[in-house]
K.L.:
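Could you have a look at this structure, given as structure tokens, before my questions?
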Amino acid sequence: MDYNIYDVIVVGTGHAGIEASLAASRMGARTLVLTLNLDHIGQMSCNPAIGGIGKGHLVKEIDALGGEMGRAIDATGIQFRTLNTKKGPAVRASRAQADKALYRQQMKRVLENCPNLTLRQGSVERLLVEGGEAKGVETQIGEIFYGRRVILTTGTFLRGLIHVGDRNYSAGRAGDFAAQGLSDSLKEFGFKVGRLKTGTCPRLDGRTIDYSRLQAQYGDDPPAPFSFSTEKISQRQLPCHITYTNRRTHEIIKSAIHRSPMYSGIIKSRGPRYCPSIEDKVIRFADRERHQIFLEPEGCDTIEVYPNGLSTSLPLDVQIEMVRSIEGLERAEIMRPGYAIEYDYVEPTQLHPSLETKLIKGLYHAGQINGTTGYEEAAAQGLMAGINTVLSLRREEPIVIGRDTAYIGVLIDDLVTKGTDGEPYRMFTSRAEYRLLLREDNADLRLTDIGYKVGLATEEAYRRSEDKKRRITALVEALEHGRIETAPGINGRLESLGSAPLRGQSSLAQLLRRPEISFSDLALFAPELAGVSTHLGLQAEVEIKYSGYVQRQMEGVKRFRKVEAVRLPVDLDYAVIAGLSREVREKLARIRPRTLGQAARISGVTPAAISLLSVYLKKQKVA
Amino acid sequence: MYKEDTIAAVATPAGEGGVGIVRVSGPDAERIAKQIFSRSGGRNGTLRTHTLHYGTIREPKTGEALDEVLLTLMRRPRSYTGEDVVEVHCHGGPFLVRRVLGLILSCGARHAEPGEFTKRAFLNGRLDLAQAEAVLDLIRARTDKGMRLALGQVQGELSKWVGELREELLNILLQVEAAIDFPEEQIELLQRDQLAAKLEALREKIAGLIASYEWGRLFREGARVCIAGRPNVGKSSLLNALLGEERVIVTPVPGTTRDVIEESINLGGLPVALWDTAGICETSDQVESIGVGFSLRRIEEADAALVVVDGSSSISLEDRSVLRAVKGKKGLVVINKIDLPQKVGISQVKEHAPDKDTISVSAKSGAGLDDLRHALRNLLLEARCEPSIVVSNLRHRAALERAEKSLGETGMALTKGFPPEIIAVDLQEAKEGLEEVIGVISSDDILKRIFDQFCVGK
């Protein structure tokens, strides 16, 4: 028996690699994890924060399934905030500043202590494939590892090229080597490899920032944790600060724009429009007088500060001048320059929804290699790839989470069905059709049983979520039945909430249906509700207040599931289906959708083509 | 259900014509063509696609020549249906055309159902849904104007206009979505009242489209106008006068018209079916009372009623009961027989039918008939000028009604202060309603728009 044969080999220890390797090893697979640098496990290459709108949702889902990200940020976060609190519960989202160094240490510790997991430093240069199946990997120094499944989570490292002004050099990110050979190896196997661009901000010396004139932004008190299993945040909390660019900043950028590699034509690949460089913002939105900059501490034990909003690849002298034109940063020192980075990615439409590649059996891709951006998006894919490699080793069906069940489902379905459209893919809540149902607050109710069944989520987590389901049902019932009479004082309290007086009897639920009344207000009328956790209260509030809308989305889900239940055979010969246009035929043959619903989501596949397809399937069934 | 067999039908209107075309569509079209068609000059081999070939149609078994024809083969997918299509251009004459069709059917084609070519064109992605439905309307269109409305839609006028409304909606939706996904960005979004105003303007435009359905329906299906009145006031004479020829038996004996007589006239492009009904009066005659009951029902079914009264005799109890019967119904009162000494004044009629306009005519001399035609047309079209776009399909109207309802609900949700993700549900449904008309499904549009319009992202 060769001691070097692993069940699963994970290449990379970024946010995708961590979740992939932990999931695989926790599910019992002998897992090898290869990283370019053992000191950079869980490195946050860009901003030191986890979560955000759509992204916080992903973290909660990862947590519900039994992933690590939520617990890690809870242990190392230095500022927690809930975003969108003025909006409805569905789009409220958590975000936290991380202590970068602590986060890395935390993740390294977890990996090191995970049973079944072997951690090694090495640069994978070549994929070993035999008979169309992944067999292992070979490193830069010729070391060979055999594995039954291989997961690539290469981030921005494939032929990474850093740009600052007109200078560029090869790197996976500032301070790390790039992986040079692997993407050629993938191309040789027939993968379509593309190129994307992203960028990051310069890092400032916090001692040279004049905070006295800047507005401080504190986190929520008490901070709300990400993980459903975290009781309390015990890290010391720090504020961020807000400043703004000004006309002079914009002048400096405009007059030096020809020296930006994005504008001089040195960089040809596209970057994300929702994460534009400061030069992009100034040029594209020339009428804006200022842009907001958040000064985020990179940790408790460091002086480095991340000026969120100042992503740039301008030459260093322009970066210095630009930074110093900003209020509070007049004497700021740049410790690390901002830069743009170009890297290879592998077009994700070449993946099955399990994240296994269609070309090579046993090979899985997760994270930025699939053209996504963001730690959370990467972690979500890593987790699913980890789960599905082990399921495939067990010869079980992969877990494919539906768009109606989780943002993870939306993410992966978008990737494998539509691809990235030449721009790094980031999650937004508007990508989800059933947004009212996919909330942070019910991620555990949606996903814990899935995580529990595959052996990732703990027994305790499973019980907790089942118990929560029961308690919500009971609470909603109690609110529907709980009567309040017109008693003296009641209408006064309503008035203080800006709500109309009661006429006759009413149920608590009826009160809650009033737009201006929230669950927490109900305690004014029913003191026994004061003890109910806000978490539960929120669920009841959504169910009652927006019941009509929730109902409509649930009906949408029913229709969605109907077409999603129509499976398309993997070996379906689209050439024999008469009437399909050549374009549609090619697309279907390339993507090989698993279901009729997925086929309909491929861009360019017309409703007429879908009716042809469904007629064809029905005919086949009859025959 | 779409079956992949080969269908055939005569594609030109029935009756004598210069040319009669038989169309064949499906996998066997080319085989059948080769079986029955021989090119002049005895050339064999494959037929070039999209080319007119000259030759003879022969009965394959007997070799009997039926007709000299031009034949085209259009190989898929570049054909109307997206399948292999063969068209045989015969010399006109219904008999010959039918024989050619019969021959083709005997070679294994099936007679097409109404609209089946278009259905296949749709299923093969050659037409979008709105276009396909317009083609079917075109086939059924009754007058030239109805034809023009249908043609407009084939050319995508409706799709284009609904597409513009969708654009407007997307621009509103992007405001809402941007507020949700980018709360920390300093982007200037519309306030609730501004949003509400924009939505209301959009809703009104959709409501206008919905209203145009009625207009379009009248042109396509024709309006139904019921001529009512007590016996012997000259209903049939009026009908004949409007028709311009004697069609209905006119006798001085009251109650001659026991059955409903339907005739069609063309009112400035608007097809109108005129129903001449049995005179309404209290009657003991059993046969006649059946006719009367039938008349009352017909009045209900009609789009409008013309109540005829005899100007030469004073308003009777029977006249009054007829006027009562049409109360609240769209209609005109026609004072007939103005060629005779008059005993009825307009003011008298108004007393009994205050909601109706009055026109004086003589069915006998033709006086006042043009006024009547004009007034009736205006009444039917509610004096609306021709809408530039007409919705002529029930499915489209239903989808637009859903969109309109959703926009109405968005307005409510806005005033209730509901959060943006709730507003977005309504807007999304409105968007889907519009997209159902034009058949587009797109998802990434909103994000693309947000990125183009706003400076988002840190």
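In what follows, chains are A, B, ... by sequence order, proteins preceding strands, each numbered from 1. As the structure is a prediction and not an experimental result, all values here were calculated from the model.
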K.L.:
When heavy-atom pairs shorter than 4.5 Å are enumerated against chain B, which of Asp280(A), Val91(A), Val550(A) gives the highest number?
P.N.:
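Top option by heavy-atom pairs under 4.5 Å: Val91(A).
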K.L.:
Can you tell me if Thr420(A) uses its side chain to pair, donor with acceptor, with the backbone of Tyr425(A) under 3.5 Å?
P.N.:
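No; judged by distance alone, with no hydrogens or angles, the pair does not exist.
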K.L.:
Looking at Glu516(A), Gln553(A), Arg514(A), Lys87(A), which one has more heavy-atom pairs under 4.5 Å with chain B than the rest?
P.N.:
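Of Glu516(A), Gln553(A), Arg514(A), Lys87(A), Lys87(A) has the most heavy-atom pairs under 4.5 Å with chain B.
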K.L.:
Ring centres under 6.0 Å, that's the criterion: do Tyr274(A) and Phe182(B) meet it?
P.N.:
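No, the ring of Tyr274(A) stays outside the 6.0 Å limit from the ring of Phe182(B), centre to centre.
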K.L.:
Cation-pi between Arg23(B) and Phe117(B): NZ/CZ under 6.0 Å from ring centre and within 45° of the ring axis?
P.N.:
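Judged by the rule (NZ or CZ under 6.0 Å from the ring centre, within 45° of its axis), Arg23(B) counts as positioned above Phe117(B).
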K.L.:
Between Pro77(B), Pro419(B), Gly82(B), Ala424(B), which shows the greatest number of heavy-atom pairs under 4.5 Å with chain A?
P.N.:
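Top count of heavy-atom pairs under 4.5 Å with chain A: Pro419(B).
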K.L.:
Cation over ring, Arg552(A) on Tyr549(A), under 6.0 Å and within 45°?
P.N.:
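Yes, Arg552(A) and Tyr549(A) form such a contact.
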K.L.:
Check each atom of Pro89(A) against the heavy atoms of chain B and say whether the ones under 4.5 Å are side chain, backbone, both or neither.
P.N.:
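Answer is both: backbone and side chain atoms of Pro89(A) are under 4.5 Å from chain B.
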K.L.:
With a 4.5 angstrom heavy-atom cut-off, which part of Thr429(A) approaches chain B: side chain, backbone, both or neither?
P.N.:
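Backbone plus side chain of Thr429(A), per the 4.5 Å heavy-atom cut-off to chain B.
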K.L.:
Give, as side chain, backbone, both or neither, the part of Arg601(A) having an atom under 4.5 angstrom from any heavy atom of chain B.
P.N.:
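For Arg601(A), neither part sits under 4.5 Å from chain B.
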K.L.:
Which region of Glu583(A), side chain (C-beta onward) or backbone (N, CA, C, O), has a non-hydrogen atom less than 4.5 Å from a non-hydrogen atom of chain B, or is it both or neither?
P.N.:
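Looking at Glu583(A), nothing touches chain B.
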K.L.:
Identify which of Ile53(A), Asn47(A), Val584(A) forms the greatest number of heavy-atom pairs closer than 4.5 Å to chain B.
P.N.:
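Heavy-atom pair counts peak at Ile53(A).
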K.L.:
Which atoms of Arg92(A) are under 4.5 Å from chain B, going by heavy atoms: the side chain, the backbone, both sets, or neither?
P.N.:
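No part of it gets close to chain B.
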